[in-house]
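Contents: one structure, followed by commentary.
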Amino acid sequence: MTVTVRFAPSPTGRIHIGNARTALFNWLFAMKNKGRFIQRFDDTDLARSKQEFSDAILYDLHWLGIFQDATEYQSRRFEVYDAAVEKLKQAGLLYACYETPEELDLRRKVRRTRGLPPVYGREALTLTSQQIAEYQSDGRRPHWRFLLPNFAGDPQEPERTEVHWNDLARGEETVDLASLSDPVLVREDGTYLYTLPSVVDDIDMGISHVIRGDDHVTNTGVQIALFKALGAEPPVFGHHNLLTTTSGEGLSKRTGALSIESLRESGIEPMAVASLAVLVGTSENVTAVPTMNELAERFDPAATSKSAAKFDPDELLVLNRTLLHHMPFSEAHDRLMVLGISGEQAEPFWLAVRGNLDRLADAASWWRVLREGPQEQPEFSDDDRDFLRQAFDLLPEDPWTATIWKDWTAKVREATGRKGKALFMPLRLALTGLSSGPELADLLPLLGREGTMARRP
Ligand code: GLU
C-alpha cells in the first residue's frame with residue numbers, strides 16, 4: 001500500500017505557522033515513507049472560500065518546501081458527496097430533522113436539568129408523517145443527521161459504544177459514540193458540513209494516513225463510524241497538539257497573525273519556520289535544521305506531547321541567525337544576486353558577513369558599507385583621529401597576503417602602543433561606521449588597499 005496523506009485547509013485566509021505544522025507533519029511523514037502528498041482544499045463553504053486563498057496557500061507551501069503530488073478542490077466534487085448521501089439514506093443512516101437552533105437549544109437545557117447528557121435525543125426519528133407535512137407546509141426544510149451506531153435495538157436508547165484507534169501521535173485513543181450527538185452532515189440549504197466530504201474524499205483518494213490537529217480527535221470517532229457506514233476501512237489517524245501564542249491563545253487564519261506570508265516578509269527563512277513548527281511541543285530539542293531531509297530524520301509523530309505547545313516567535317529569529325551563519329554560498333547565491341550582490345567578491349563577502357546577519361536581506365547593507373563606505377560618518381576624538389591617521393599611514397603596500405590584517409595591526413600596535421579595544425574600535429568605526437560587525441580580518445581584503453585608504457579620517 002502506498003502511503004498517501006493529505007493537507008486539507010479551508011481556503012478562508014492565509015495559513016499560519018500552526019497550519020504549517022499540520023502540512024509539515026504530513027509532508028515529512030510522506031517523505032519518510034516514500035508516499036504521496038495530496039493538497040486538498042476544503043472549500044465546500046462557497047461563501048467564505050476564495051480561490052485567491054487556495055493559490056496563496058500553495059505559494060506558502062512551496063516556499064516552505066512542500067510540493068504536492070495532486071491538488072483537489074471539494075467544491076468540484078459535490079456530485080460524489082450527493083451519491084454518498086443517497087447511499088446513507090438508502091441504508092437508513094441519514095435522517096431528516098426539522099428543529100430550529102432555538103428549539104435545539106431549549107431541548108439541551110431541558111436535558112441538562114434532567115441530568116441527561118446534552119446530546120441530540122433523536123426526536124426527529126419519531127416524527128409522524130403528519131408532523132413532517134406540517135413542518136414542510138410551514139416552509140421548513142430538513143437538515144440531515146447521521147445515525148451514529150451507538151445503540152443495540154432502539155436508537156432512542158443509546159449505549160456506551162467505544163471507537164478505538166491507535167493514534168500515530170497519541171497512542172491508544174477511545175471515543176464513546178454515546179456521548180455525541182448524531183452529527184449534521186447536510187444543512188437546510190443543502191450545503192455540506194466538513195464531516196462527510198472529508199471521509200468521502202479520504203476513501204476516494206486512497207488516503208492511508210490522516211494526520212491533523214488534536215481538535216479533530218472527537219471527529220475521528222464519528223468519521224470512523226462514517227467510513228464503516230460507507231463500506232470502507234478507516235485510515236490510520238494521527239493527531240498532533242496545536243500551537244498557541246506565548247499567552248496561550250490559539251492561532252487563527254482570520255487574524256493573519258503569524259501567517260507564513262508575514263514571516264516570509266519579515267525575512268524568516270523557510271527552514272527556520274519548518275524547524276520550529278515541527279520540533280516545538282515534542283520531546284526533541286528545537287534547533288535550526290537546514291534541510292527538509294534532515295528534518296525528516298528528526299521527525300517522529302509519536303514524540304509530540306499531548307498538551308498544546310506554546311511557542312515564541314522570537315525563537316524564529318534565533319533559528320534564522322543560526323541557519324544564515326551556516327548557509328553555504330551556493331544556497332545564498334541567487335538571492336544575493338537579487339540584492340545586487342554579485343561578482344568575484346560575492347562569495348568571500350558572503351562568508352565574511354553571514355555570521356552577522358539576522359536576515360539574509362541585511363547582507364545588502366554590509367555590501368553598501370563595503371562599496372560606498374560608512375553610511376554615517378563616525379565622530380572621533382582628536383586623540384583617536386591622530387591615532388587613526390598614524391595607523392592608516394602604516395597600511396602595508398600591495399600586494400596583500402591573507403595575513404594582511406594581522407600584519408597591519410601588529411605594526412600599528414608597535415608604533416602607537418595601543419592594544420585591545422583602544423586599537424580595534426577606532427579602526428572598526430573608521431572602516432565600517434559601526435561598532436560591531438563581521439571580522440575586520442575578513443573585510444579588509446574585500447576593501448583592498450585603495451578602499452581602505454579611502455576611509456582614512
Ligand atoms: N478542513 C479541515 C480543517 O482545516 C480538515 C481537517 C482534516 O484534516 O480532516 O480543520
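As the structure is a computational prediction, the values presented were derived from the model and not from experiment. For this chain, numbers begin at 1 and follow the sequence in order.
Taken to the nearest 0.5 Å, the OH atom of Y192 stands 11.0 Å off from the CD atom of Q74. Q136 contributes atom CD, which lies 10.5 Å from atom CZ of R141 (distance to the nearest 0.5 angstrom). Taking NZ of K50 as the reference point, atom CZ of R48 lies at 9.5 Å (rounded to 0.5 Å). In this structure, the separation between CE on M337 and CG on L339 is 11.0 Å, given to the nearest 0.5 Å. For the atom pair CD of E103 and OH of Y98, the computed distance is 13.0 Å after rounding to the nearest 0.5 Å. To the nearest 0.5 Å, atom CG of residue L319 and atom CE of residue M271 are 10.5 Å apart.
A donor-acceptor pair under 3.5 Å is formed between the side chain of N150 and the backbone N or O of L177. R187 places no side-chain N or O within donor-acceptor distance of the main-chain N or O of H143, the cut-off being under 3.5 Å. In this structure, D43 contributes its side chain and S10 its backbone to no donor-acceptor pair below 3.5 Å. For D176 (side chain) and T161 (main-chain N/O), a donor-acceptor pair under 3.5 Å exists by modelled atom type. Panel note: side chain T282, backbone E284; a donor-acceptor pair is recorded below 3.5 Å. Using modelled atom types, one side-chain atom of N320 and one backbone atom of D358 make a donor-acceptor pair closer than 3.5 Å. No donor-acceptor distance shorter than 3.5 angstrom exists from the side chain of D182 to the backbone of L147, with no hydrogens or angles considered. Not one N or O on the side chain of Y73 forms a donor-acceptor pair closer than 3.5 Å with the backbone of R77. A donor-acceptor pair is defined here as one N or O able to donate and one able to accept, closer than 3.5 Å; no such pair exists between the side chain of E372 and the backbone of V369. Put simply, the side chain of R111 gets close to the backbone of P117: a donor and an acceptor are under 3.5 Å apart.
For the ring pair (Phe, Tyr, Trp, His ring centres under 6.0 Å) condition, the pairs that include at least one residue of residues 202-222, sequence neighbours left out, are F29-H209, Y194-H216. Contacts classified as ring pair (Phe, Tyr, Trp, His ring centres under 6.0 Å) and involving residues 314-337 (residues at least two apart or in different chains) are given here: F329-H333.
Within 6.0 Å of atom CD in E344, 12 or fewer heavy atoms from other residues, nucleotides or ligands are found, so the atom counts as exposed in its surroundings. The environment of NZ in K89 is crowded: more than 12 heavy-atom neighbours from other residues, nucleotides or ligands sit within 6.0 Å. Within a 6.0 Å radius of CD in E439, no more than 12 heavy atoms belonging to other residues, nucleotides or ligands are found. Other residues, nucleotides and ligands contribute at most 12 non-hydrogen atoms within 6.0 Å of the CD atom of E376.
The minimum heavy-atom distance between P158 and R122, with the atom names listed, is CB-NH1, 4.3 Å. For R428 against L434, the heavy-atom pair with the smallest separation is CG-O, 3.2 Å. I260 approaches A20 most closely through the heavy-atom pair CD1-CB, 3.8 Å. Heavy-atom minimum distance, L24 versus A274: CD1-CA, 3.7 Å. Taking each heavy atom of H239 and G213 in turn, the nearest pair found is CD2-O, 3.4 Å. Of all heavy-atom pairs between P438 and N356, the closest is CA-OD1, 3.2 Å.
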Discussion item. Please determine whether side chain to side chain contact (heavy atoms under 4.5 Å, CB included) holds for the pair T287 and R298, giving the CA-CA distance in whole Å, both sets of side-chain angles, and the decisive distance to 0.1 Å.
Written reply: CA-CA 10 Å; T287 56; R298 296 272 306 274; 2.9 Å; yes

Discussion item. Using the rule given for side chain to side chain donor-acceptor pair (under 3.5 Å), can you reason through T174 versus H164, listing the C-alpha separation, both sets of side-chain angles and the distance that settles it, and then say yes or no?
Written reply: CA-CA 5 Å; T174 304; H164 299 276; 3.2 Å; yes

Worksheet item: Which is it for R359 and S266 under the side chain to side chain donor-acceptor pair (under 3.5 Å) test, yes or no, and what are the steps along the way?
Response: CA-CA 8 Å; R359 300 171 176 82; S266 64; 5.4 Å; no

Practice prompt. Under the side chain to side chain donor-acceptor pair (under 3.5 Å) rule, what do D55 and Q51 come out as? Steps first, then yes or no, please.
Written response: CA-CA 6 Å; D55 295 344; Q51 183 66 42; 2.9 Å; yes

Practice prompt. With salt bridge (charged side-chain N to carboxylate O under 4.0 Å, His left out) as the test, would you mind laying out the steps for D202 and R40 before giving the verdict?
Written response: CA-CA 10 Å; D202 289 341; R40 185 183 94 197; 3.0 Å; yes

Practice prompt. Just do the side chain to side chain contact (heavy atoms under 4.5 Å, CB included) check on E72 and M205 with the steps written out, would you?
Written response: CA-CA 9 Å; E72 301 282 355; M205 295 169 195; 3.6 Å; yes

Discussion item. As a quick check of understanding, evaluate side chain to side chain contact (heavy atoms under 4.5 Å, CB included) for E123 and E99, giving each step before the final call.
Written reply: CA-CA 9 Å; E123 290 81 356; E99 295 91 344; 4.2 Å; yes

Discussion item. As a quick check of understanding, evaluate side chain to side chain contact (heavy atoms under 4.5 Å, CB included) for V210 and R6, giving each step before the final call.
Written reply: CA-CA 7 Å; V210 168; R6 85 295 195 280; 3.6 Å; yes

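E294 and T291 form a side-chain donor-acceptor contact under 3.5 Å, judged by distance and modelled atom types alone.
At a threshold of 4.0 Å, the pair E269-R335 counts as salt-bridged, since one of the basic side-chain nitrogens sits closer than that to a carboxylate oxygen. Salt bridge present: E173 and R170 bring a charged side-chain N and a carboxylate O closer than 4.0 Å.
Counting heavy atoms from C-beta on, the side chains of V273 and W63 come closer than 4.5 Å. Residues N241 and K306 fail the side-chain proximity criterion, which asks for heavy atoms closer than 4.5 Å. Counting heavy atoms from C-beta on, the side chains of D45 and T12 never come closer than 4.5 Å. Residues R21 and V280 are in side-chain contact: their nearest non-hydrogen atoms beyond the backbone lie under 4.5 Å apart. Between I38 and T4, the closest side-chain pair of non-hydrogen atoms falls below 4.5 Å. A 4.5 Å side-chain heavy-atom check between L88 and W144 finds every atom pair outside the cut-off. For the pair T244/L251, no side-chain contact is recorded, criterion being any heavy-atom separation below 4.5 Å from C-beta on. Contact annotation: the side chain of F349 approaches that of I341 to within less than 4.5 Å [non-hydrogen atoms, C-beta and beyond].
When each of T22, N19, I57 is checked for a side-chain contact (heavy atoms from CB on, under 4.5 Å) with P9, only I57 meets the rule.
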Only distances under 3.5 Å count here; give the side-chain donor-acceptor pairs of residues 311-318 to other protein atoms, sequence neighbours excluded, each with its distance to 0.1 Å.
from	atom 1	to	atom 2	distance (Å)
D312	OD1	D314	N	3.0

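Using cut-offs of 30° and 60° for the angle between ring planes, the F78 and Y81 rings count as perpendicular.
Geometric assessment of K32 against the ring of W27 yields a negative cation-pi assignment under the 6.0 Å and 45° thresholds.
Residues passing the ring pair (Phe, Tyr, Trp, His ring centres under 6.0 Å) test with F25 are H240, F299, sequence neighbours excluded. Not counting sequence neighbours, the partners of T195 by the side-chain contact (heavy atoms from CB on, under 4.5 Å) test are L185, V222, Q223, L226. Partners of D69 according to the side-chain contact (heavy atoms from CB on, under 4.5 Å) rule, which considers only residues two or more places apart in sequence or in another chain, are R36, F37.
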